[in-house]
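The structure appears below as structure tokens.
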Amino acid sequence: MIDRLGNYCLHLRNRHFLLVDIIAFTFIPLFALSLRLDSALGFILTFERYQADLLLATLLFMVIKLTVFLSGGFYKHYWRYASIDELSNVAVLTGSSVILQTLAFAVLKSLSILSLPRSLPFLDGLLTLLIIGGIRFSVRAIERRKRQLETSERRDLRKRALVVGAGNAGVALVQELERSPHIGLLPIAFVDDNPAKLNLRIRGLPVVGNRNVIPDTIKSWHIQTVIIAMPSLSGQSLRDIVALCQMTGVETLTLPALQDVLVGQQDLQNSIREVQIEDLLRREPIQTDIQGVRQLLKGRRVLVTGAGGSIGSELCRQIFRCAPAELILLGHGENSVFQIQQELLQYQNHNGVASSDVSVPILRPFIADLRHPSRLRFAFEEYQPEVVFHAAAHKHVPLMENNAPEAVTNNVLGTKALTDLAVEFGVQHFVMISTDKAVNPTNVMGASKRIAEMIVLKAAQTSGLPFVVVRFGNVLGSRGSVIPTFKRQIAAGGPVTVTHPEICRYFMTIPEAVQLVLQAVVMSPGGEILMLNMGEPVKIVDLAKDLICLSGYQVGKDIEIAYTGLRPGEKLFEELFLPDEEYQKTGHEKLLVVKNASQNIPSQLLQHVADLLQSASINDSMEIRSLLQKLVPGYQTKTPVSPR
């Protein structure tokens, strides 16, 4: 019987609530007057004494309340999922009604039309809030009770989860897990480093202590999964928590970093995932001038080279959300360009954006090799790009060391062809993405990228257009990074190969790097090199160890690490600036600017570039290296060092 009544209440609609309210409004003034007079004989004597006045007041109050509630959209809520917002709405509308009732009541009483107590409007409002609010939130209570019963029936089938972080993200996660038992996780308790929360209960779950109690809590509470629900947690703190969890061997999940949530706009349920190597490098969330970037790109025609690559595709994702008029996806690999095009179309459809909406970017996939000027010219003539992001490049050091002509034609010839057309067509903003390997390079790839930097700076110098170079280090998750190689080696049972125990690199995540690239466009007037603040360098062997542990193995026991020696053109340590470069801070803490970058360009740059391209056209690798030494100060080929 109770279950049937509960199910009936869950199916009530706003028209039913309106009818219930009218009935309640008919009797509430009578109840209020009885309370005011404390009538021992109850409603009958109260009604007989004030019959005429009470009927008038009841009609007046009902008209006022229905008018206020209807105009306030009170009967457009879905009460099954009522929250604090709906409760606030009830309070605001009831308070507004009380004010109007009091004013009307005072006018009628001053005219001697009513002889009822002056407190009647207030008591009527208080009872209205309790009764109307109670009716609405009883539906919410029935819904929650029904869900708890369903959850208890499947409780044994869900993994017992410990939530690390009792802040907003942790509480929201628990709410989501309670609403969605199909996820298969049952929150049992919180862990939080804030001592003020110790021994408190949040949404019925106890806060059992700080991160140091994680191993004991896992054992005593029979925890099967730990969820780290702290999106703004630093990489070092996350590393410490993961290490504590790995001591017990339980599954460890996390929410993405705060900047990834903002960029990817993921919902909480779908963003719960295993801890990844990128998570362990978390730094403070980057504060990006999102409005400035959007204002710069909105309604513009934007071209991205290397659109199918790791950096290029992320550029396309973030630029797409800035609503450019057109987004030209230029790339040499048809499959990768097709994939990013389909991803952006899916994103557009998933967010319900109509194709007729003028703010929806038009996608222009364009398959081309930058080394073919005629094909590239056709793209500029056809689409007239206003902003260009140049992310296309050959980046693999050992491969390019053995294929010097390819590195030169792609990185140098491609950049020159692109900048020449950008100048000719008056592109408003041009951004080239470079690498820290261009600084004092010991390899052909780095030297070719340094020449590409010079070409862009020379174009800015001669044309006066805002062309800028953005230089940064390795990007975790990119195709050329060590992570995919390590993962394949771990899946094969090892060993994981590292070239040298002391080799270090600067790392950023892909979204983090692209956010700063977009920020650089807003800040730079052109003719500069902007350097991303990469933080502290990371030992490659430490990355290997972390990845082995995250994969559920132990270093030296399950998976071995083998040292293979430095490869051709590889350095132990990367550098960020040339010796004669003068850099200073910008208005953004993560961006540094090389102010004298345009002064370090050889006067005969274009002639030397022409000679270099001529040597590349006849595959003369020795002459290429000779010309690179003339063009690039500090370029030298170092003999690989064997690990000690």
Side-chain angles (χ1 to χ4, degrees), residues 306 309-311 332-333 369-371 391-416 432-455 471-475 478-486 488-489 497-507 537 540-541 562-576 578 608-609 611-643:
S310 306
I311 297 296
H332 192 206
D369 191 324
L370 292 180
R371 293 171 290 193
H394 283 329
K395 307 179 183 73
H396 200 284
V397 171
L399 281 179
M400 292 304 102
E401 202 65 18
N402 295 322
N403 295 273
E406 185 71 12
V408 169
T409 54
N410 192 78
N411 294 352
V412 178
L413 175 59
T415 300
K416 186 176 187 307
M432 174 198 158
I433 295 175
S434 188
T435 170
D436 56 1
K437 294 177 176 62
V439 179
N440 293 326
T442 58
N443 51 73
V444 171
M445 190 283 287
S448 67
K449 289 294 287 182
R450 175 56 187 154
I451 295 173
E453 289 183 356
M454 295 179 189
I455 290 172
R471 187 190 287 166
F472 54 83
N474 295 279
V475 178
S478 65
R479 294 176 186 171
S481 73
V482 296
I483 301 305
T485 300
F486 286 169
R488 288 192 297 269
Q489 292 173 340
T497 58
V498 178
T499 58
H500 194 283
E502 298 300 323
I503 191 168
C504 293
R505 291 293 181 265
Y506 292 95
F507 283 101
I540 301 299
V541 68
Y563 298 104
T564 59
L566 292 178
R567 298 170 296 181
E570 195 169 42
K571 294 194 292 187
L572 275 179
F573 307 97
E574 297 292 358
E575 301 166 85
L576 300 180
L578 293 168
H608 290 319
V609 167
D611 295 339
L612 184 64
L613 296 178
Q614 175 61 30
S615 299
S617 68
I618 59 175
N619 296 297
D620 191 342
S621 296
M622 291 186 62
E623 181 62 19
I624 286 174
R625 286 182 169 82
S626 176
L627 289 169
L628 288 177
Q629 287 182 329
K630 294 179 182 179
L631 264 172
V632 182
Y635 169 66
Q636 51 183 320
T637 302
K638 291 187 177 180
T639 303
V641 179
S642 299

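For the numbers below, each heavy atom of this structure counts, side chains included, while hydrogens, waters and symmetry mates do not.
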For this session: Quick one: pull up CG in Leu628 and CG in Asn443 and give me the separation to the nearest 0.5 Å.
Result: 10.0 Å
Exercise. Do Arg471 and Val439 touch side chain to side chain, with heavy atoms closer than 4.5 Å?
Worked result: yes
Exercise. How many angstroms lie between CG in Leu613 and NZ in Lys416, if you round to the nearest 0.5 Å?
Worked result: 8.0 Å
Problem set entry | Heavy-atom pair with the smallest gap, counting every atom of Ser434 and Glu453 | OG-OE2, 2.5 Å
Exercise. For Met445, which of Val408, Asn410, Asn411 qualifies under side-chain contact (heavy atoms from CB on, under 4.5 Å)?
Worked result: Asn411
Exercise. Who pairs with Asp369 by salt bridge (charged side-chain N to carboxylate O under 4.0 Å, His left out), at least two apart in sequence or on another chain?
Worked result: Arg371
Problem set entry | Nearest heavy atoms of Ser615 and Leu627, plus distance in Å | OG-CD1, 3.5 Å
Problem set entry | From Asp620 atom CG to Leu612 atom CG, the distance as rounded to the nearest 0.5 Å | 10.5 Å
Exercise. Got a second to check how far Glu401's CD is from Thr442's OG1, nearest 0.5 Å?
Worked result: 7.5 Å
Exercise. Under the side chain to side chain donor-acceptor pair (under 3.5 Å) test, which residues partner Asn403, sequence neighbours left out?
Worked result: none
For this session: Write down the atom of Tyr635, the atom of Val444, and the distance for their closest heavy-atom approach.
Result: OH-CG2, 3.9 Å
For this session: List in chain and number order the residues that pass salt bridge (charged side-chain N to carboxylate O under 4.0 Å, His left out) with Lys395, two or more places apart in sequence or in another chain; answer none if no residue qualifies.
Result: none
For this session: Quick one: closest heavy-atom pair of Ile433 and Ala391, and the distance?
Result: CD1-CB, 4.0 Å
Seminar exercise, completed: side chain to side chain donor-acceptor pair (under 3.5 Å) filter on Thr435, not counting sequence neighbours, yields none
For this session: List in chain and number order the residues that pass side chain to side chain donor-acceptor pair (under 3.5 Å) with His394, two or more places apart in sequence or in another chain; answer none if no residue qualifies.
Result: Glu406
Exercise. About how many Å separate CG of Leu631 and CD1 of Ile624, when rounded to the nearest 0.5 Å?
Worked result: 12.0 Å
Exercise. Val541 versus Pro501: any side-chain heavy-atom pair under 4.5 Å?
Worked result: no
Seminar exercise, completed: Closest non-hydrogen contact found for Pro405 with Ser621 is CD-OG, 3.5 Å
For this session: Please determine which of Met454, Met400, Met432 meets the side-chain contact (heavy atoms from CB on, under 4.5 Å) test together with Lys449.
Result: Met432
Exercise. Hey, does Thr499 have a side-chain heavy atom less than 4.5 Å from the side chain of Ile540?
Worked result: no
Exercise. Considering residues at least two apart in sequence or located in another chain, which fulfil the side chain to side chain contact (heavy atoms under 4.5 Å, CB included) criterion with Ser617?
Worked result: Gln614
For this session: Provide the closest heavy-atom pair for Ala392 versus Leu370 in the form atom of the first, atom of the second, distance.
Result: CB-CD1, 3.8 Å
